[in-house]
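One structure is given here, and the rest of the page talks about it.
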Amino acid sequence: MSRIGLKVINVPEGVTLTRNNDVLTVKGPKGSLDVKIPSVIELKIEGNAIHCVRHNEEKHTKQLHGTTRANLNDAIVGVTKGFVKELVIVGIGYRAAMRGENIVMNVGYSHEIVIKPEPNSKITCKSATEIIVEGISKQAVGQTAALIRGTREPEPYNGKGVMYKGEHIIRKEGKRAGK
C-alpha cells in the first residue's frame, strides 16, 4: 500500500490545473509546470483537493501511484513557493562568480569550471563563497545544485570543497593517527 499515494493534495488559491490527455499543466504565481500522469493513475479533483487513485494492484501501478502524487505535489509547491538550495565553498583560493546566467568556479584546478543552470532554475552568488540555486522545478534545482557540488566534493581530511549549507562532513584524522 502506498502511503504517499493515498495522501490528499490541497491546491492553494491562485493555482490552476489544466489537463490535456496525459499531461497536467500546473500554473501559479511563479510560473507553469507540466506533470505527466500515467494512464493507470486517475486524478479525482473535488474542490481544492486532489486524490490520486490507481486502477489495479499490480506492482508497477503501485510504484507509479506514490511517484505521481509526489511529482504533482512538488509542481504545486514549486509554482507557489519555489525551491531553494544553498551551497558553501570552503578552501583557500576557492571562489565563484557570475558570468551572465552561468557560474564560473575556481576550485583548485588549473582551469575555470563554467556551469549553466538547468531550465526552470536560476543561480545567484551571494558572495564569492556562497551560492544560491532557486527555481520552480524541484528536479532542476536539485540537479543544478548537484552539478555545482560535483565540481569539488568536500573531502574528509581538511573539509575543503563545495557543500550544501548545513551539511555535516565526517572528518578523518589522517596518517598520524597510528603513531
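Residue indices begin at 1 and follow the sequence shown.
By the 4.5 Å heavy-atom criterion applied to side chains, C125 and E130 are not counted as neighbours. Contact annotation: the side chain of L33 approaches that of V79 to within less than 4.5 Å [non-hydrogen atoms, C-beta and beyond]. When side chains are defined from C-beta on, K59 counts as touching Q63, because their heavy atoms get closer than 4.5 Å. Residues P154 and V90 fail the side-chain proximity criterion, which asks for heavy atoms closer than 4.5 Å. With contacts defined as side-chain heavy-atom distances shorter than 4.5 Å, the pair K160/I92 does not qualify. Counting only heavy atoms from C-beta outward, the side chains of V53 and I41 never approach each other to under 4.5 Å. Between M163 and I169 the shortest side-chain heavy-atom distance falls below 4.5 Å. In this structure, D34 and L24 have side chains that are not in contact, with every pair of non-hydrogen atoms separated by 4.5 Å or more.
A donor-acceptor contact shorter than 3.5 Å links the side chain of T151 to the backbone of I148. Judged purely by atom type and a 3.5 angstrom limit, S121 has no side-chain atom pairing as donor or acceptor with the backbone of P117. Under a 3.5 Å cut-off, the side chain of T80 and the backbone N or O of V77 do form a donor-acceptor pair. Checked by atom type and distance alone, the side chain of E155 pairs as donor or acceptor with a backbone atom of Y157 at under 3.5 Å. No side-chain donor-acceptor contact under 3.5 Å links S32 to the backbone of G28. Remark: the backbone N or O of V8 is not paired with any side-chain donor or acceptor of H51 at under 3.5 angstrom. Formation of a donor-acceptor pair under 3.5 Å by the R19 side chain with backbone atoms of N21 is found in this model.
Among all heavy-atom pairs drawn from G142 and K85, the shortest one is CA-CE, 4.3 Å. Nearest approach of A96 to I89, heavy atoms of both residues: CB-CD1, 3.7 Å. Nearest heavy-atom pair across H65 and G5 is NE2-O, 3.2 Å. Residues G14 and P29 come closest through the heavy atom pair O-CD, 4.0 Å. Shortest non-hydrogen contact noted between I4 and G66 is CG2-O, 3.9 Å.
E57 and R54 are joined by a salt bridge, as a carboxylate oxygen and a charged side-chain nitrogen come within less than 4.0 angstrom of each other. Remark: E112 does not engage R95 in a salt bridge, criterion side-chain N to carboxylate O under 4.0 Å.
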Assess the residue pair D22 and K36 against the criterion (side-chain contact (heavy atoms from CB on, under 4.5 Å)); give the C-alpha distance rounded to whole Å, side-chain angles, the decisive distance to 0.1 Å, and a yes or no. CA-CA 6 Å; D22 62 342; K36 188 173 187 304; 3.4 Å; yes

Walk me through it: do N20 and T25 pass the test side-chain contact (heavy atoms from CB on, under 4.5 Å)? CA-CA 8 Å; N20 185 11; T25 303; 5.8 Å; no

Mind running side-chain contact (heavy atoms from CB on, under 4.5 Å) on V11 and L17 for me, showing each step along the way? CA-CA 9 Å; V11 181; L17 304 171; 4.1 Å; yes

Can you list the steps and then say if R99 with I103 is a side-chain contact (heavy atoms from CB on, under 4.5 Å)? CA-CA 6 Å; R99 187 181 295 159; I103 188 165; over 6 Å; no

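Hydrophobic clustering of Ile, Leu, Val, Met, Phe, Trp and Tyr side chains at less than 4.5 Å, counting indirect connections, keeps M98 apart from V114. By the rule that hydrophobic residues join a cluster once side-chain heavy atoms approach within less than 4.5 Å of another member, I45 and V35 end up as members of one cluster. If you chain together hydrophobic residues whose side chains sit under 4.5 Å apart, M105 and V133 fall into the same group. L72 and L6 end up in different hydrophobic clusters when Ile, Leu, Val, Met, Phe, Trp and Tyr side chains are linked at under 4.5 Å.
To the nearest 0.5 Å, atoms CD (E134) and CD1 (I132) are separated by 6.5 Å. Here the CD1-CG distance, from I9 to D74, works out to 9.5 Å after rounding to the nearest 0.5 Å. Within the model, atoms OH of Y164 and CD of E86 stand 12.5 Å from one another, a figure rounded to the nearest 0.5 Å. Distance check, rounded to the nearest 0.5 Å: CD1 of I115 to CD1 of I123 gives 6.5 Å. Distance check: K7 NZ to N73 CG gives 9.0 Å after rounding to the nearest 0.5 Å. Between the SG atom of C52 and the CD1 atom of I37 there is a distance of 6.5 Å, given to the nearest 0.5 Å.
Screening residues 91-135 for ring-ring contact (aromatic ring centres under 6.0 Å, His included) gives Y109-H111 as the qualifying pairs, with residues at least two apart or on separate chains.
Atom CD of E167 has more than 12 heavy atoms from other residues, nucleotides or ligands within 6.0 Å.
Checking each of V107, N106, I113 against R152 for a side chain to side chain contact (heavy atoms under 4.5 Å, CB included) leaves exactly one that passes, namely V107.
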